[in-house]
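Here the structure is laid out as structure tokens; the discussion comes afterwards.
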Number of protein chains: 2
Amino acid sequence: MSRASERAYNHIRSMILSGELQPGSQIREEALAELCGVSRTPVRDSLRRLEAEMFIRRNDSQRSFVADWSLDDLEDAFQLRAMLESRAAKRAASRITREQLALLRFHNAQLKQAIGLPNPDVPKFLDHNRQFHAIILAAAASERLANMLGQVTEQPVILRTARQYDLENLRRSHSEHDELLIAFDKRDGEWAAAVMTGHIRRAFHAYAEAHSTDTEIRKSSWAA
Amino acid sequence: MSRASERAYNHIRSMILSGELQPGSQIREEALAELCGVSRTPVRDSLRRLEAEMFIRRNDSQRSFVADWSLDDLEDAFQLRAMLESRAAKRAASRITREQLALLRFHNAQLKQAIGLPNPDVPKFLDHNRQFHAIILAAAASERLANMLGQVTEQPVILRTARQYDLENLRRSHSEHDELLIAFDKRDGEWAAAVMTGHIRRAFHAYAEAHSTDTEIRKSSWAA
DNA sequence: CTAATGCTATTTGTATACAATAAGCTGTCA
DNA sequence: TGACAGCTTATTGTATACAAATAGCATTAG
């Protein structure tokens with residue numbers, strides 16, 4: 001995508017992800033155009049894309065709204081993600097190169113560093129985690145799979161609490177990556193897939209717990 | 001989508017599906033606009049959509065080309081489809097209503113009629129087959145799953161041969177539907193998923209065989 | 001003859017004006 | 001009061017003009 005379109009897409013997406021655009025609220029093309037400093041044309045492109053990715057929904061008369069996800073929606077997305085990412089792991093196990101394996105090891109080492117007590121470096125963790133998964137997806141060598149995973153990987157769910165990043169979860173995540181590495185090393189696709197399923201499921205429950213806490217906070221803050 | 005956009009999308013899509021737009025060939029927005037009788041704006045919308053659905057690919061300088069699928073691509077799509085549609089069947093098994101079950105039975109009965117010797121009514125078969133699967137997808141009640149399946153269900157592969165519609169395959173397809181119906185009746189999600197996997201895999205091999213035959217015909221027709 | 005450079009034509013990207021459609025409001029009538 | 005009709009406003013859809021980028025070709029230097 002070219003400059004204005006790209007800019008609009010990223011801008012709108014990050015506004016949704018950050019909660020700046022509230023779930024359920026209507027969004028008007030012209031307002032977004034002003035916010036992004038472009039005309040409606042690239043904004044419309046972006047909206048179409050975000051609609052396909054289910055960040056935005058449209059009612060029957062073509063008005064756009066920021067998607068408002070229920071816990072069920074979240075679980076559905078995570079289940080789909082577990083299924084797809086397991087498949088990626090399975091395919092990757094038989095295709096991954098020595099170089100890619102080395103890269104995985106590198107990122108997982110960085111991950112471990114990021115956990116380092118007493119203060120975990122969450123942004124660093126997230127970055128290397130993202131790259132770790134990206135390498136597996138690349139090794140899986142299925143463009144379609146990659147496309148689909150793109151659609152379920154980022155969740156437009158804003159959490160006030162940071163529960164999902166607690167130390168225990170970070171540690172487990174890292175250790176699951178370790179196990180994945182062994183499975184890849186043994187070229188055991190079934191094993192890799194199984195580990196990946198657990199990995200994503202665990203992530204879901206961490207998310208879900210934070211989501212529940214968050215929802216309660218939101219509910220009880222009607223008084224504020 | 002509104003009128004012009006809708007029209008352009010359907011028109012372009014059917015031109016790809018029918019082979020009117022050759023795989024690998026470049027497509028220009030203005031040319032399509034003329035063909036569809038609309039301006040470039042709705043054409044561009046359609047191209048974006050078709051690109052997301054992988055009917056169209058773009059090179060690094062934003063030129064669009066009709067996707068040219070290899071046998072590997074085809075298998076990848078079918079595997080993804082098997083996975084997703086099995087999941088749909090599994091979910092449907094525990095959610096399907098009596099009415100939906102009755103509808104499934106109806107469409108499967110029509111399917112049987114369409115096979116009727118000596119001349120199978122292929123369009124009728126395809127129509128009821130489509131509806132059969134649509135009902136299962138609806139019963140699965142996952143919008144995301146439905147979206148994703150939409151992306152792998154129709155294959156932009158044009159076959160000169162009609163091998164994939166041979167009588168034996170139609171019969172097996174119908175009988176697999178029968179088995180699905182029993183699995184649904186017993187609310188056995190695992191069974192339904194397993195049957196569905198086989199159902200899609202069989203369809204793939206029918207397709208693949210036709211594709212191979214077709215490719216050979218294409219190759220040997222360089223002389224013509 | 002090859003490769004690099006600059007020009008031209010082609011194609012896509014963006015902005016904007018206008019058309020079509022839907023929503024919201026207001027006033028009237030039952 | 002309530003609901004319906006018609007008007008007004010808000011919002012999205014489409015066409016088109018123009019800007020930017022790219023590719024293809026020709027010309028020339030090495």
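Numbers restart at 1 for each chain; the letters A, B, ... are given by sequence-line order, proteins then strands. Here the structure is a predicted model, which means the values were calculated and not measured.
Set against dT12(D), dT22(D), dA15(D), the side chain of R44(A) has dT12(D) as its closest nucleotide. Closest approach to the E30(B) side chain among dA15(D), dG13(D), dT12(C) is made by dT12(C) (side chain taken as heavy atoms from C-beta onward). The nucleotide whose nearest atom lies closest to any side-chain atom of S61(B) is, among dA23(D), dT14(C), dG13(D), dA23(D).
For R63(B) and dG24(D), the shortest distance from a side-chain N or O to OP1 or OP2 is not below 4.0 Å. Within the 4.0 Å cut-off from OP1 or OP2 of dG13(D), not a single side-chain nitrogen or oxygen of T41(B) is found.
Side-chain contact between H199(B) and E85(B) is absent, with no heavy-atom pair separated by less than 4.5 Å.
For the pair C36(A) and R7(A), the tightest heavy-atom approach, listed with the atom from each and the gap, is O-NH1, 3.3 Å. Between R95(A) and A139(A) the shortest heavy-atom distance is CB-O, 3.4 Å.
Among the atoms of the strands shown, none is found under 4.0 Å from any heavy atom of L47(B). Counting non-hydrogen atoms under 4.0 angstrom, R58(A) reaches the backbone sugars and phosphates but no base.
Separating the CD1 atom of I27(A) from the C1' atom of dA10(D) is a distance of 16 Å, rounded to the nearest angstrom. Taking atom CG of residue N59(A) and atom C1' of nucleotide dT12(D), one finds them 11 Å apart after rounding to whole Å. Straight-line distance from the CD atom of Q26(B) to the P atom of dT22(D): 14 Å, rounded to whole Å. R28(B) places its CZ atom 8 Å from the P atom of dT12(C), with the value rounded to the nearest Å. When the C1' atom of dT11(D) is taken as reference, atom CD of Q62(A) falls 11 Å away, rounded to whole Å. As rounded to whole Å, 14 Å separates atom P of dG13(D) from atom CZ of R3(B). The nearest whole Å value for the distance from the CD atom in E34(B) to the C1' atom in dT11(C) is 14 Å. The separation between D60(B) atom CG and dT22(D) atom C1' is 10 Å, rounded to whole Å.
Between G37(A) and E29(B), the one whose closest nucleotide on DNA chain C sits nearer the 5' end is E29(B).
Rounded to the nearest 0.5 Å, atoms CD (E154(A)) and CZ (R130(A)) are 8.5 Å apart.
H177(A) and H133(A) have their aromatic ring centers within a separation under 6.0 angstrom.
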